[in-house]
Every structure is written in C-alpha cells, then in structure tokens.
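What follows is a short report on a single structure.
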Amino acid sequence: MNTHLLRSHWFFWAAPLVIAVDAGVSFSARGQMDRLLEAGLLFDLAVLVPALYWLAYRQRQQRIGARVLALACVGIWLALQLVPEAERDLLNHVEPLRYAGIAVLVALELAVMAAIYRAIFKGGSVEDAVAQAASDLPAWVARLIAWEVRLWQRAWSALRRFTRRR
C-alpha cells in the first residue's frame, strides 16, 4: 500500500469518518435531538469537514475557496437530511446561508464560463482557454465548455452563411 498517497490525501479518509460518526449519532438520537446535538452536527458537517479539506489541500491548490464553500453548502444540506424536520431549530436559521453559498458558486462558474467564451470568440485558441480555465475548473469540465463554445461558433457561422445566401 502506498503510504505517501494516504498521507498526502488524508482528507478522503478523515471526512467519511466524521460523516459516519455524525450519521450514527443522528440516527441513534431520533426523537430526542436537542439544540446542542443539532449544533454539533451542523458544526461538524458545515465547518469541520470544509476546514479539514482546506488544511489538507491549502498548499497544493491556489483557488481552494470555491471548493471549501461548496463543501460547506453540502454540509448544511447533509445536516438538514440528518436532523428530522420536527426537531430542527438552528438549521432553519442556517438554511438560507446554503442558498447564498450556492448563488456565489453559480456566479463563479458563470464568470469562468464567460471568460472561456470570450477567449474563444475573440479568436483565441481553444487549448489556451482550456488551460487558463483548468486552474478554476476540472480539466474535463473546461474541455466540455470549450466543446460547447465550438458548437455555438459553428452554429453561428452556419447561420451567417445561410443569411448571406438569401
């Protein structure tokens, strides 16, 4: 077994452990969940897990904030799933933060997509646009967006050729 891999990616065994313990506590306390337990679940899932990710990968990735925010939004959602609706108190007040976080993430993704579109439509190469966006997005997502841009370029060119013939 490669111990370097385990040491360098310790988040992927620590986070599931935290989530499993939280799920076990949540399922064992059904019907008896108090505010402290609800706050503990929320803290573990929305603060501790994203903080563990930040600690594990802060030196390897330049733009880690979006992923930490995404993990916090997922943590709030998971806490909402683990705490029964009748026993929610704190989570009802925190839930709008999840929607605000999702809105920020969507705005970031739209900005990256707009940058790719602009770079390609201004005559830049697809490879350069994908390489620039690869720091913000996974490489496969950047390639998929670039493919979509090329599709729209071809459709726009075909439409312009069609209208010139008339």
Side-chain angles (χ1 to χ4, degrees), residues 1-118 129-130 132-149 151-152:
M1 181 175 260
N2 191 351
T3 58
H4 174 70
L5 188 63
L6 286 175
R7 271 190 254 134
S8 63
H9 297 289
W10 56 267
F11 171 79
F12 289 105
W13 59 265
L17 183 65
V18 170
I19 293 169
V21 168
D22 283 348
V25 167
S26 172
F27 291 128
S28 67
R30 291 284 171 165
Q32 310 169 15
M33 197 165 293
D34 60 351
R35 282 181 150 182
L36 183 61
L37 187 57
E38 180 186 15
L41 287 172
L42 180 63
F43 177 81
D44 284 355
L45 297 171
V47 177
L48 180 64
V49 171
L52 289 174
Y53 184 84
W54 181 78
L55 286 171
Y57 296 108
R58 70 183 182 276
Q59 294 173 349
R60 288 188 208 126
Q61 298 175 359
Q62 296 170 351
R63 296 183 179 140
I64 197 169
R67 292 182 183 178
V68 170
L69 178 62
L71 279 173
C73 291
V74 169
I76 293 171
W77 176 82
L78 189 57
L80 286 166
Q81 302 307 310
L82 291 175
V83 176
E85 194 170 337
E87 299 176 5
R88 291 181 194 158
D89 185 35
L90 179 63
L91 283 171
N92 290 332
H93 300 292
V94 175
E95 186 176 14
L97 291 176
R98 178 175 151 247
Y99 295 115
I102 290 172
V104 169
L105 290 170
V106 167
L108 289 172
E109 294 299 319
L110 287 175
V112 170
M113 287 178 59
I116 292 173
Y117 270 69
R118 261 193 311 264
V130 169
Q132 181 183 4
S135 63
D136 296 330
L137 294 173
W140 67 273
V141 174
R143 282 192 297 274
L144 185 65
I145 292 171
W147 175 81
E148 180 186 8
V149 171
L151 176 80
W152 287 114

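Computation of the quantities below employed the complete heavy-atom set of this structure, encompassing side-chain atoms and omitting hydrogens, waters and symmetry-equivalent molecules. All values reported here derive from a predicted model rather than from experimental measurement.
Contact annotation: the side chain of Val49 never approaches that of Asp44 to less than 4.5 Å [non-hydrogen atoms, C-beta and beyond]. Taking the side chain as every heavy atom from C-beta outward, Trp77 and Leu45 never approach each other to under 4.5 Å.
Contact between Ala66 and Leu105 at its shortest, heavy atoms only, is O-CD2, 3.4 Å. Of all the heavy atoms in Gln32 and Glu87, the pair that sits closest is N-OE2, 3.7 Å. Residues Ile76 and Glu95 come closest through the heavy atom pair CG2-CA, 4.4 Å. Phe11 and Tyr57 get closest at one heavy-atom pair: CB-CE1, 3.8 Å. Taking all atoms of both residues into account, the shortest heavy-atom contact from Leu69 to Val104 is CD2-CG1, 3.7 Å. Of all non-hydrogen atoms in Met33 and Leu82, the two that sit nearest each other are CE-O, 4.4 Å.
Atoms CH2 and CH2, from Trp147 and Trp152 in turn, are 10.0 Å apart once rounded to the nearest 0.5 Å. To the nearest 0.5 Å, atom CG of residue Leu48 and atom CG of residue Leu71 are 11.5 Å apart. Taking CG from Leu91 and CG from Leu80, the interatomic distance works out to 5.0 Å, rounded to the nearest 0.5 Å. Separating the CG atom in Leu36 from the CZ atom in Phe43 is a distance of 12.5 Å, to the nearest 0.5 Å. For the atom pair SG (Cys73) and CG (Leu97), the distance works out to 9.0 Å, reported to the nearest 0.5 Å. Note: Leu42 CG to Leu37 CG = 11.5 Å, rounded to the nearest 0.5 Å.
Between the Arg67 side chain and the Ile64 main chain, no donor and acceptor come within less than 3.5 Å of each other.
Shown here are the salt bridge (Lys or Arg N to Asp or Glu O under 4.0 Å) partners of Asp89, two or more places apart in sequence or in another chain: Arg35.
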*asked:* If you apply the rule side-chain contact (heavy atoms from CB on, under 4.5 Å), what do you find for Leu55 with Trp10, and how did you get there?
replied: CA-CA 10 Å; Leu55 286 171; Trp10 56 267; 4.2 Å; yes

